[in-house]
Structure formats: structure tokens, C-alpha cells
Amino acid sequence: MAQQELDLLHPAAPPRRYSEQQRVRLAKIAVLQADGRTPYPVSVPRDRRISDVRDQCADAHLWPDVPLSLAGRVQAVRDLGGVIFAVIEEQGHEIQVMLTLAETPAPLRMLWRQSVDLGDIVSVTGCITRSRRGELSLLVSDWRMASKCLRPMPSRRSGLADPDARVRHRYLDMLVNPDSVAMLRHRSAMVHALRQRLISTEYLEIETPMLQALHGGAAARPFKTRSNAYRTELFLRIAPELYLKRLCVGGLTKVFELNRNFRNEGADSTHNPEFTSLEVYEAYGDYQSMRRLAQDLILAAACAVHGRPISMHRDPDGELHEFDLTAPWPVISVHDAVACAVGRPVTVSSTSDELTAICRDNGVHCGPSASAGEMVLALYESLVEKQTVAPTFYIDFPIDACPLTRPHRTDSRLAERWDLVASGFEIGTAYSELIDPVDQRERLTSQSLKAAAGDPEALQLDEDFLTALEYGMPPTGGLGLGVDRVLMLLTGAGIRDTIAFPFVRPVSP
RNA sequence: GGGCCGUUAGCUCAGUUGGCAGAGCAGCGGACUUUUAAUCCGCGAGUCGUCCGUUCGAGCCGGACACGGCCCA
């Protein structure tokens, strides 16, 4: 009885099943321990980076004839009996190491043979030399295990090809596919360049709430969560827009946020449930000035990634082609673009009946209650975006679908908004912001009616935001760029390659 | 939601008409004093995604499901 209780309270872990290769590697830990060594030491000798040695010895020079210590992951071992060659790698830089009869004490050579596997991280100490074939090499006089690898590495020749495994085990992808590490570097360079471009022109970076009691600033389904302390439902933000505008009311004239948004939708080649956006607001700007800023930011990002203003575009055959971003980016009205796509005249004056027929003829589905503007938008989204390869600004959207955008200065049926589209997907959007609190209240009220009618993407009415507007927000241009999307544009990659850890379905227990 | 493709050793992949489960790399044992995709000899390694069906016999044929990828909506 007492034993049963104990068993229940302290259930034994089920025995782990190890593959043959895992068992072999575990056994090698015992070999190290029998020699008084630990497979996971707190520190190991390392006084240079592998790249330092490579750089200094690039032109046939050798390091001064004094021992130094390097550390890296074992990528290859060639044991010729009298001499053992191995390749260790650190941060993408490799160097050969040699264990020889003459220079390496016999017990250390033996221990290497008995305990080192591909994938182990080792520290090696010795002098830099060249092999008979001229390969820069460290002649090992001493070595330590820095971290024993207990699982067999994917084959270096084949890499890791399974797309699911590549994102689930990104560390493995990084270890065998250099492109994956390069992408992370590109991303870091790009994000830095975007911040640099803004901060150097006196924009202020502010972090606004990600946990919000009301979700707003975009049309999308939110993730819901709950505050225990305040016993209230909260949302992960779908956009930072309404908080950044409060900052504009508060007197900041140039402000931006580069951070994560969350949308409770599926994942595909251009969508991840959490994604990074850049939103910029500038007082006394408008959607025209934001257009110049957007192009500027993307050119800065391109130079950070590629060293010059180009993007990479993948054609239908999978071939990558360079694309010159300095050529002027077309600016086309949404109605003209739709008209061109359907081969019939479409203008802001087109009637609902005409548009219903055009939608039907082009296989575009709209709800029966869709307004003319919503139909134009549906046509635009299904017929224009995917066909757009070169960066193109589509401007002056029907006002129906733009609840946060001010009416066009010359035609109130249009909104002063553009979308930037390239490589078949939307990269960013910008508005001349709606600052009229009376108009804004009406628009959000009609959105909340939609929400009440069951539209899960409708905006919520944020009373505090409206109150802020009533204190007066200066005429303002606002810009949003999808940061992941910009990197996709620049590299020709899918969104899952541009994010270090894209969403993957959790493994079922 | 629909269509197509995929799931076999740690990785990358073959697997014929339904007849003992295969290769390369990786692993294990051995040889080898300058290799660099080292080479040579020998050996081991599998819940063929899951379940059901057809069959004397299923990795292969049929059905359902799961997961992944691509395309379409």
C-alpha cells in the first residue's frame, strides 16, 4: 500500500528509447569520465576565434609559433592511423586540426578516437601550421571536450530537407544549412537599418501595449487571453496604431514602433500568426510623404542586406533573379488597376450592379450586402495583388473599407491610402490619418455594428481613443510596413524562412 | 474548404508484377604517418505515418484518419 502510494506520487519516467547511435554516444561520456574528464565543462581554453586565425593567415602567413586555443564543432574526422585530421567549425568558419604521433601525446590521441563524434564541440590547443597539402591546420598538443553531442547530426552532404523538421528543429537547420544562418544575419541587418534610418532623422521609438483590453487598428481576428489579477478578458494586439496615434495627440511629431503583432489566423507562405510590423507616424505628413519614406526605408533595408539597392525575386521555376529597386516604383489608382485586370472600365462611379456583374464574371465572391467599395476591394485583392511583381503603390482606395483613413481631398468617396505590393503580396500600407473625431466616431460606430452583427474582424469602439482625438491630433501621415514581408521581398524567401521560429502546430501529447 | 504530392535507418533517398527491407552519408570493428566528400576490408542498424480491408502473403492494392508541402478558393 505504502509502496503503491509512493509509486503514484513519484511516477517513474518511462524508459527512454535510444537509437543505436545515441547509445554509442552516451557510452563515450563514460569514456571521458573514466579519464577524469567531464563531457560538459564549465569552461574550456579558447583565446581566439577560428575566423581570427583564418584572417591573419589568409596570405600564407602563419600565426607566430606559439600555442593558441580554438573551439568549434567537429564537422569531419579523417583518421589515417598515424595522423588524425578533423575539421572544426565556429560561426561558419572552419579550420583543420591534426593529431599526430610526433606532436600529440598518445593518451590524447587515444581519447580522441574513443570519445569524439561528429557534432561534438571541442577545444583544441596547439600551434598553427600547414599540412603537406598546404591546408591551414592547428597541430594539437592538447584538447578538451567542450560539449558532447548525444545525437547523430544530419548528413552534411544532404543537409536537412524536410521543411517541417527545418522549422521545428531550427538549431539543426542552422547547423547544416548555412543559408538559414545567413537569413538570420540578413534579418538583423535589416531591422537595424530600419531603426537607424528613422532614429537618424529624429523619429522616436516607443513601445505600446501588446496586451489590450480592446483590439483595434486593423481588421483581423485577435487572440484572446485573460488577466487573473483584473479578472478581465484581454487581447493580444493586432496592431499598435491606436496607441501610436494617442502619442501624436500627446505632442510627439515623429514616432515609430517596430514590434510584434498577433492575428488569430492560419499560417501559409505569407502569413504567420505573430509577425513583426513597423508603424511610423509623422505630424504634418500625409500619404504622399509616407510613400517617399516607405521607399527610402526599403532601399536602406536592401542595402543593409545586399550591399546595394536590389531585391531577389523567385520566378515560377524557382530561379532567383536580381531586381533593381532604384527604378521608379509605379503609382496606380486602385480603380485603374482593377479596370486593367478585368478589362472593363471600373471607376469610383461604377454602380453596385456593374460591379456585381464584374465580380461574377471574374469568379470573385462577395457577400450579398457588399457595397461598391467592398466589391472593388475584393476584385483588387484577388486579381491585382498576386499579379504584381515589381514594387507598386496602389493608391486611393474606396473609403468603405478604410475606417481609420481620412477621405480623399478631392473625392470623398475615396480614402487617402495606398498599399505597397511586390512579388505578389502586400508589403505595407499608409494613410493620411483620419483626425476628425466626429467622422472617426461615426466610422467606429458603424464598425461596432458590424461586430455586433457577427463580423469577427470588425474594429471595436475604443472610447478612450476617440476622446484623445477630440483633444486634437495634428494632420498626420501614418505608415505600416510588414517587416517579415520586406525581408521576403529582399531575399525571395517564404515567410517561414525569414522568421527564426515560425509557428508550428504543437506536437500532440 | 477543394485539388495534387509526400510520410521507408540518425540524415538524404531508392524500392520493379504483391514474394526474405535497400543505397550513399552517419555508426561499429579492423588496416593505414598528410587527409580534406580520405581510401580499403568487414559488420550492425527499421513500429515502411496510424488503423481497417483485400490476399496464402502488403512498403507496394483499396478505404479512413493523422501530419507535412505545393496550388486553388
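These values consider heavy atoms only, across backbone and side chains, with no hydrogens, waters or symmetry-generated copies. None of the values given here were measured: they were computed from a predicted structure. Order of the sequence lines sets the chain letters (A, B, ...), proteins ahead of strands, with each chain counted from 1.
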[M] and [N], which share atom name [atom1], separated by this distance in whole Å:
N      : M      : atom1 : answer
B:rC40 : B:rA23 : P     : 16 Å
B:rC60 : B:rA21 : C1'   : 12 Å
B:rG24 : B:rC43 : P     : 12 Å
B:rC61 : B:rG1  : P     : 28 Å
B:rC4  : B:rC65 : P     : 14 Å
B:rG29 : B:rU12 : P     : 26 Å
B:rG18 : B:rA58 : C1'   : 6 Å
B:rU8  : B:rA14 : C1'   : 10 Å

Holding to side-chain hydrogen bond (donor to acceptor under 3.5 Å, both in side chains), I want the full list of residues that pass it with A:Ser423, two or more places apart in sequence or in another chain.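 Result, side-chain hydrogen bond (donor to acceptor under 3.5 Å, both in side chains) vs A:Ser423: none returned.
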
According to side-chain hydrogen bond (donor to acceptor under 3.5 Å, both in side chains), who are the partners of A:Arg221, at least two apart in sequence or on a separate chain?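 Listed in chain order: nothing, the list is empty.
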
Within a strict 4.5 Å, meaning less than it, do heavy atoms of the A:Val116 and A:Arg113 side chains meet?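 No, every pair of side-chain atoms sits at 4.5 Å or beyond.
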
Any side-chain heavy-atom pair of A:Asp396 and A:Tyr287 under 4.5 Å: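 Touching, per the 4.5 Å side-chain cut-off.
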
Over 12 non-hydrogen atoms of neighbours within 6.0 angstrom of [atom1] in [X]:
X        : atom1 : result
A:Arg78  : CZ    : yes
A:Arg260 : CZ    : no
A:Gln91  : CD    : no

To the nearest Å, give me how far apart CZ (A:Arg168) and C1' (B:rG49) are.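 Spelled out: CZ on A:Arg168 to C1' on B:rG49 is 14 Å.
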
Would you mind reading off the distance between A:Arg23 atom CZ and B:rA26 atom C1', rounded to a whole angstrom?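 Computing the A:Arg23:CZ to B:rA26:C1' distance gives 16 Å.
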
Write out all pairs satisfying salt bridge (Lys or Arg N to Asp or Glu O under 4.0 Å) with one or both partners inside residues 486-499 of chain A, taking only residues at least two apart or from two chains.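 Qualifying pairs: A:Arg166-A:Asp497.
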
Show me the pairs that pass salt bridge (Lys or Arg N to Asp or Glu O under 4.0 Å) and involve residues 22-40 of chain A, at least two apart or across chains.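 Applying salt bridge (Lys or Arg N to Asp or Glu O under 4.0 Å) to every pair that reaches into residues 22-40 of chain A, excluding sequence neighbours, yields A:Lys28-A:Asp117, A:Asp35-A:Arg37.
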
Residues forming a ring pair (Phe, Tyr, Trp, His ring centres under 6.0 Å) with [X], sequence neighbours excluded:
X        : result
A:Phe425 : none
A:Tyr431 : none
A:His169 : A:Tyr171

Below 3.5 Å is the cut-off: list the nitrogen or oxygen pairs between protein and nucleotides 7-14 of chain B, distance only.
| residue | atom | partner | partner atom | Å |
| --- | --- | --- | --- | --- |
| B:rG10 | N7 | A:Gln21 | NE2 | 3.3 |
| B:rC11 | O2' | A:Ser158 | OG | 3.0 |
| B:rC11 | O2' | A:Gly159 | O | 2.8 |
| B:rU12 | OP1 | A:Ala161 | N | 3.1 |
| B:rU12 | OP1 | A:Asp162 | N | 3.1 |
| B:rU12 | O4' | A:Ser158 | OG | 3.0 |

Minimal non-hydrogen separation, A:Leu108 against A:Ser141, with atom names: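 So the two residues come closest at CD1-O, 3.6 Å.
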
Protein-nucleic acid N or O pairs under 3.5 Å, nucleotides 70-73 of chain B:
none

Heavy atoms under 4.0 Å is the rule here; annotate nucleotides 32-39 of chain B 5' to 3' with B where the base is hit, S where only the sugar-phosphate is, and - elsewhere. BBBBBBB-

Using only side-chain N and O atoms of A:Arg156, determine if any of them is under 4.0 Å from OP1 or OP2 of B:rA26.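 Answer is no, no contact under 4.0 Å.
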
Is any side-chain nitrogen or oxygen of A:Lys28 closer than 4.0 Å to OP1 or OP2 of B:rC28?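 Result: yes.
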
Please work out if A:Arg109 contacts a base, only the sugar-phosphate, or nothing of the nucleic acid, heavy-atom cut-off 4.0 Å.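 Since no nucleic acid heavy atom lies under 4.0 Å of A:Arg109, the category is nothing.
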
Expected list for residues 361-368 of chain A: side-chain donor-acceptor pairs under 3.5 angstrom, two or more places apart:
| residue | atom | partner | partner atom | Å |
| --- | --- | --- | --- | --- |
| A:Asp361 | OD2 | A:Arg344 | NH1 | 2.8 |
| A:Asn362 | ND2 | A:Ile358 | O | 2.8 |

Run through RNA chain B and report every stem of 3 or more consecutive Watson-Crick or G-U pairs, distances under 3.5 Å, ordered by first number.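 Output for stems: B:1-7 with B:66-72, B:10-13 with B:22-25, B:27-31 with B:39-43, B:49-53 with B:61-65.
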
